[in-house]
Chemist: 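This structure is in structure tokens; I'll ask about it shortly.
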Amino acid sequence: MTNVEKSDDRPAVTVIGTGEMGSAIADAFLRGGYPTTVWNRTAGRTDALVSRGARRAATVHDAVTAGPLVMISVKGNDAARRILEPAGDALAGRTVVNLTDGTSGEVREVAAWAADRGARYLHGQIMTIAPGVGHPEAAVFYGGDEAAYELYRPALGLLGGRGTLVSADAGVPALYGMAVHGTMWGMLNGFLHAAALLSSEGIEVRRFLEHAGASVSALPSLLPSIADEVDRREHAAEYGALRHHLPSVEDLVGESRARGIDDELPGYTLGLVTRAVGEGHADDGYSRLVDHFGRR
Ligand SMILES: NC(=O)c1ccc[n+]([C@@H]2O[C@H](COP(=O)([O-])OP(=O)(O)OC[C@H]3O[C@@H](n4cnc5c(N)ncnc54)[C@H](OP(=O)(O)O)[C@@H]3O)[C@@H](O)[C@H]2O)c1
């Protein structure tokens, strides 16, 4: 541990970038009683935080040297790196927590750049919108320097009650975030297609849920077995073989067409199932379709 990186109960925290998310982050530290320094390209966007007790830094260098823990949340990882550049060697021995969304590759570039300057580095993938920051249920996936994570765990805990270090690799949290969002969009698109189908019959979607909610809610409970099948590369048909899925998907496409409902989504599913069955996987479970998505 260097002399700038000493642990105390409430180390000085710097927040660079006080847009919607950065302001929520700085607010969480202020509420937690942490000495908080803020810097933003448009200085006026720090006014509200200053009125609540934050110190405004005149320059990025000034902001970085205010304490051992430097958080950054801006639009784009290129911007994050360019903003930190003037601080240069002042980053040595400090911990940079980058909370800027991006691809795993973009995040790893910032991590390598920060490591070259002697900084400890964590990437944090925030899984909530700004008003959710600090909520006990808010998840933040961290990746990077484990010692830095442990050192600042109490401070990081202020951002969300479900913060977890998921990897020593700073790029991994970005993938976790995308995996959650991808799953969410797939599920929501399926539900909204179903909602359009029901609405076309004049059925209230809420009423459908009263009757069929248990069937819908049971679906996430299948995920652990599907995950195991993917990891083991074994596709036992525990929850229905693809040959059983096929006629149901055909019906969904047919029903959608008959009602003038967009059939692209079920049609896509039909294409996947038909191809897998055609390739000899009729008796496999649904997890077999992971091969279509290009698993290596
Ligand atoms: N808002 C949310 O609910 C939410 C939820 C999850 C994740 N996020 C993530 O949080 C990060 C910040 O988003 P936000 O919602 O706070 O965005 P925002 O309200 O639009 O603010 C953008 C921030 O980035 C700064 N910025 C952008 N380009 C810059 C540049 N070239 N040089 C210097 N500063 C630059 C802005 O400075 P100026 O004020 O000077 O323009 C501002 O501080 C993003 O990665 C976003 O995906 C946000």
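Order of listing sets the numbers, starting from 1, for every ligand and every atom in it.
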Chemist: Consider only side-chain N and O atoms of Thr100 and His123, and report whether a donor and an acceptor are under 3.5 Å apart.
Modeler: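 Note: Thr100 and His123 side chains miss the donor-acceptor criterion.
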Chemist: Are the side chain of Asn77 and the backbone N or O of Ala80 linked by a donor-acceptor pair below 3.5 Å?
Modeler: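 Flag not set: sc Asn77 to bb Ala80 has no pair under 3.5 Å.
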Chemist: Is it the case that atom CG in Asp116 sees more than 12 heavy atoms from other parts of the structure closer than 6.0 Å?
Modeler: yes
Chemist: Does a side chain donor of either Asp101 or Gln125 reach within less than 3.5 Å of an acceptor in the other side chain?
Modeler: yes
Chemist: Checking the N or O distance criterion of under 3.5 Å, is ligand 1 in contact with Gly19?
Modeler: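 Min N/O separation from ligand 1 is below 3.5 Å for Gly19.
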Chemist: Show me which atoms of ligand 1 lie under 4.0 Å from any heavy atom of Ser73.
Modeler: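 Checking each atom against Ser73, I get 10 (O), 11 (C), 12 (C).
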Chemist: Given Met127, Glu20, Met21, Arg41, which has its nearest heavy atom closest to atom 41 (O) of ligand 1?
Modeler: Arg41
Chemist: Going from CZ on Arg81 to CG on Asn98, what distance comes out if it is rounded to the nearest 0.5 angstrom?
Modeler: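 Between atom CZ of Arg81 and atom CG of Asn98 there are 11.0 Å.
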Chemist: Once you round to the nearest 0.5 Å, how far does CG of Leu49 lie from CZ of Phe29?
Modeler: 12.0 Å
Chemist: Indicate yes or no: does an N/O atom of Asn40 lie under 3.5 Å from an N/O atom of ligand 1?
Modeler: yes
Chemist: Tell me which protein heavy atom sits closest to atom 40 (O) of ligand 1, plus the residue, atom name and distance to 0.1 Å.
Modeler: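 Ranking protein heavy atoms by distance from atom 40 (O) of ligand 1, first comes Thr42 OG1, 2.5 Å.
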Chemist: Are any side-chain N or O atoms of Glu106 and backbone N or O atoms of Thr103, one a donor and one an acceptor, separated by less than 3.5 Å?
Modeler: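 Pair found, side chain donor or acceptor close to backbone of Thr103.
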Chemist: Could you list the atoms of ligand 1 found under 4.0 angstrom from a heavy atom of Arg45?
Modeler: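 Close to Arg45: 19 (O), 21 (O), 38 (P), 39 (O), 41 (O), 42 (C).
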Chemist: Run the contact test for Asp78 against ligand 1 with a 4.0 Å cut-off on heavy atoms, strictly below, and give the result.
Modeler: no
Chemist: Could you tell me which non-hydrogen atom of Ile226 sits nearest to which non-hydrogen atom of Ser287, and how far apart they are?
Modeler: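 Scanning both residues, the minimum pair turns out to be CG2-CB, 4.0 Å.
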Chemist: Closer than 4.0 Å to some heavy atom of Gly17 - which atoms of ligand 1 meet that?
Modeler: 43 (O)
Chemist: Counting non-hydrogen protein atoms only, what is the nearest one to atom 24 (O) of ligand 1? Give residue, atom name and distance.
Modeler: Lys75 N, 3.2 Å
Chemist: Under 4.0 Å, heavy-atom basis, I'd like to know which part of Ile83 is in contact with ligand 1: side chain, backbone, both or neither.
Modeler: side chain
Chemist: Can you find a side-chain donor-acceptor pair between Thr18 and Arg45 that sits under 3.5 Å?
Modeler: no
Chemist: Name the closest protein heavy atom to atom 3 (O) of ligand 1, giving the residue it belongs to and the distance to 0.1 Å.
Modeler: Ala130 N, 2.8 Å
Chemist: So if I count the atoms of ligand 1 from 1 in the order they appear, which ones are less than 4.0 Å from some heavy atom of Thr100?
Modeler: 45 (O)
Chemist: For ligand 1, which atoms sit closer than 4.0 Å to a heavy atom of Thr128?
Modeler: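 Here the atoms of ligand 1 in question are 5 (C), 6 (C).
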Chemist: Among Val74, Ile129, Asp101, which one has a heavy atom closest to atom 11 (C) of ligand 1?
Modeler: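 Nearest option to atom 11 (C) of ligand 1, by heavy atoms: Val74.
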